[in-house]
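To keep things clear, I will list the structure first and then write my remarks on it.
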Amino acid sequence: MSASTRPVITTANLTKRYGRHQALFGLDMEVDEGEVFGFLGPNGSGKTTTIRILLDLIRRSGGESRVFGLDTRADGMAIRRRVGYLPGELAMVSRRPARELLTHLANLRGGVPQHRISALAERLDLDLSRPVRGLSKGNKQKVGLIQAFMHDPDLLILDEPTSGLDPLLQQEFLAMVRRARADGRTVFMSSHVLSEVQDVADRAAVIRGGRIVAVEDIDALRDRMVREFRVRVAGRVRAEDFTAIDNLRELHIEGDSVRCTVDGSPDALVKAAARYTVLSLDSTEPDLEELFFHHYNRNGADGTVGIEGADRHAAA
Ligand SMILES: Nc1ncnc2c1ncn2[C@@H]1O[C@H](COP(=O)(O)OP(=O)(O)OP(=O)(O)O)[C@@H](O)[C@H]1O
């Protein structure tokens, strides 16, 4: 991060209690101008609570929260004017056609050219003539995205933006985020899975149980990722081709197939598999809970240590 960047979002020792339930425990976070920042955490970890505080939709219990240098409690209105916000749960019950609803929202924000709304709708493949109320979850999500992006806000705050979007549309969405960044905007987006933000975010904070357990460059976070792989080859697998690979855990070899968990890069696994004729190769991303289990649980919350040694089991 260069010295000239300014923080767009700052929280310091931010806390939130809902009655007797404490949802946030002293959050410290800084998001710089012009960056795409992922806010990652499992369900119930406090992502939506943090976002609502930043927009002054709910009030913090203690600590500091600032957006554009403004205090969220004192200047909520001024902050919201410069933000495009996609809520995690969209209540879209209007009988109006999508274009009418979007035009109405655009007018509340001082006006947006119709061609801008049309271009975004075309990009996301949304029919603007249909009443919002009857739209599918995915199409409602598109309306939500258009209203967040259409006025070119300085800051986009997107709560689980890709939920309900199919993979092609997710790519379109990521292109919109990259475009916003290229235009100098700042993007803060939450997700409960790393894969949704890893191709576009510069950095990410990981929140769990109302505490930030890591803030890292996205590449470093990706390197920590554990992934499960299954490879099937023509012929019988020789166990020794795989048991010597350092970053494989839970290695199971049976007949023509290899199943394992890979810590970080799958390069060595892929090269070992390439000695055979590969019939299939599948990989699944474990959820964040599993990532935490492997990386953050054992040695405290700093996210720097705690990677378990390989648990090898070869049943040739
Ligand atoms: N209005 C509320 N009253 C009481 N508890 C709440 C309220 N809103 C959230 N909580 C609790 O605060 C914690 C954090 O919730 P929050 O919705 O911020 O998490 P999240 O990370 O956004 O999760 P999700 O991805 O499921 O939306 C949870 O334990 C939740 O049950």
Side-chain angles (χ1 to χ4, degrees), residues 9-31 36-67 72-73 76 79-80 83-92 137-138 140-141 143-145 147-148 155-165 170 173-174 177 186-198 200-201 203-216 218 221 225 285-293 295-297 301 303:
I9 296 173
T10 321
T11 69
N13 200 23
L14 179 66
T15 58
K16 175 66 186 176
R17 277 185 306 279
Y18 293 107
R20 294 170 66 177
H21 178 74
Q22 183 142 3
L24 299 180
F25 295 83
L27 245 59
D28 294 318
M29 184 168 60
E30 215 171 81
V31 178
V36 177
F37 193 91
F39 193 41
L40 292 170
N43 291 337
S45 53
K47 302 182 298 292
T48 300
T49 297
T50 306
I51 285 174
R52 289 188 176 144
I53 291 172
L54 294 175
L55 292 162
D56 196 35
L57 301 174
I58 58 171
R59 301 228 139 166
R60 67 192 175 220
S61 305
E64 269 185 51
S65 45
R66 293 185 170 275
V67 178
T72 56
R73 286 194 65 166
I79 290 168
R80 287 194 298 276
V83 172
Y85 169 49
L86 174 76
E89 276 170 28
L90 284 162
M92 288 205 186
K137 181 172 184 286
K140 282 183 178 160
Q141 189 75 355
V143 177
L145 284 170
Q147 63 79 34
L155 170 63
L156 283 145
I157 295 187
L158 311 171
D159 198 355
E160 305 264 350
T162 54
S163 79
L165 294 185
Q170 288 188 19
F173 162 74
L174 293 180
V177 170
T186 307
V187 183
F188 182 83
M189 54 192 274
S190 80
S191 178
H192 60 277
V193 280
L194 176 63
S195 59
E196 279 179 4
V197 307
Q198 68 179 8
V200 74
R203 290 194 302 149
V206 183
I207 181 171
R208 187 190 200 205
R211 293 181 164 90
I212 288 188
V213 294
V215 180
E216 300 199 46
I218 208 76
L221 204 59
M225 199 61 202
E285 177 184 339
D287 61 22
L288 276 177
E289 279 296 340
E290 212 166 320
L291 176 71
F292 286 121
F293 178 76
H295 292 286
Y296 299 109
N297 255 3

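Keep in mind the model is a prediction, meaning the values are calculated, not measured. Only heavy atoms go into these numbers, but all of them, side chains included; no hydrogens, no water, no symmetry mates. For ligands, and for the atoms within them, numbers begin at 1 and follow the listed sequence.
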Leu27 backbone acceptor or donor facing Thr11 side chain under 3.5 Å: yes
Any donor-acceptor N/O pair, Thr162 side chain to Gln170 backbone, under 3.5 Å: no
Any donor-acceptor N/O pair, Glu64 side chain to Asp28 backbone, under 3.5 Å: no
Lys47 side chain vs Met189 backbone, donor-acceptor pair below 3.5 Å: no
Aromatic plane relationship, Phe39 with Phe188 - under 30° parallel, 30 to 60° tilted, over 60° perpendicular: tilted
Residue Arg80 excluded, over 12 heavy atoms near CZ under 6.0 Å: yes
Neighbour list for ligand 1 [protein residues, heavy atom under 4.0 Å]: Tyr18, His21, Ala23, Pro42, Asn43, Gly44, Ser45, Gly46, Lys47, Thr48, Thr49, Glu160
